[in-house]
Amino acid sequence: MKKNFKDFMYKIFLTLLAIAIPALLCLYAVEAKKYTTLKKEVSDLEAKQEKLVEENKKLVSDIAVLSSADRIEKIAVEELGMHKAETEDIVRVEMTGEKK
């Protein structure tokens, strides 16, 4: 009877081992696929980030050029016909907090 029990346990062990090996290989394949997918996604996001950083640098540069005082003054004088205010053109208005 002991020998039958040992044989039975041995057969169960071999069966579980035979089932576990393919199951582990399938699990490995699934995880490898997930890893490949995530690696591609990270690579795509890094490329997108690099593109956005370059675009941001260009926009910052454009802002610096467009907001320069010389450029604004040139547009004001040449295109809008404006001029710098003389001292006698400046009027100061003092406001009090009183309402009527």
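Starting from 1, each residue takes its place in the sequence as its number. Keep in mind that this is a model prediction, so the values were computed, not measured.
Although no hydrogens or angles enter the test, the distance criterion places no donor-acceptor pair under 3.5 Å between the side chain of Ser43 and the main chain of Lys39.
For Asp44, the salt bridge (charged side-chain N to carboxylate O under 4.0 Å, His left out) partners at least two apart in sequence or on another chain are Lys40. Applying the side-chain contact (heavy atoms from CB on, under 4.5 Å) criterion to Glu55, with sequence neighbours excluded, gives Leu52, Leu59. The side-chain contact (heavy atoms from CB on, under 4.5 Å) search around Ile21 returns Leu17, Leu25, not counting sequence neighbours. For Glu54, the salt bridge (charged side-chain N to carboxylate O under 4.0 Å, His left out) partners two or more places apart in sequence, or in a different chain, are Lys57. Listed by chain and number, the residues in a side-chain contact (heavy atoms from CB on, under 4.5 Å) with Glu41 are Leu38, Leu45 (sequence neighbours excluded). Under the side-chain contact (heavy atoms from CB on, under 4.5 Å) criterion, Val60 pairs with Asn56, not counting sequence neighbours.
Cluster partners of Leu80, by chain and number: Met82. The rule joins Ile, Leu, Val, Met, Phe, Trp and Tyr whenever side-chain heavy atoms lie under 4.5 Å apart. The hydrophobic cluster of Val30 has no other members, since no ILVMFWY side-chain heavy atom comes under 4.5 Å of it.
Considering CZ of Phe13 and OG1 of Thr15, their distance stands at 10.5 Å, rounded to 0.5 Å.
The minimum heavy-atom distance between Ile72 and Leu66, with the atom names listed, is CG1-O, 4.1 Å. In terms of heavy atoms, Pro22 sits closest to Ala18 at CD-O, 2.8 Å.
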Anything under 3.5 Å between a donor and an acceptor, one on a side chain of residues 86-94, the other on a protein residue two or more places apart or in another chain? List them.
residue	atom	partner	partner atom	Å
Asp89	OD2	Glu86	N	3.3

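For residues 8-28, no residue pair satisfies the salt bridge (Lys or Arg N to Asp or Glu O under 4.0 Å) rule, not counting sequence neighbours. Applying the salt bridge (Lys or Arg N to Asp or Glu O under 4.0 Å) definition to pairs two or more places apart or across chains, those involving residues 19-35 are Glu31-Lys34. For residues 62-71, the set of pairs meeting the salt bridge (Lys or Arg N to Asp or Glu O under 4.0 Å) definition, not counting sequence neighbours, comprises Lys58-Asp62.
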Item to complete: Could you please spell out the steps behind the side chain to side chain contact (heavy atoms under 4.5 Å, CB included) verdict for Phe5 and Met9?
Response: CA-CA 6 Å; Phe5 181 71; Met9 291 303 288; 3.8 Å; yes
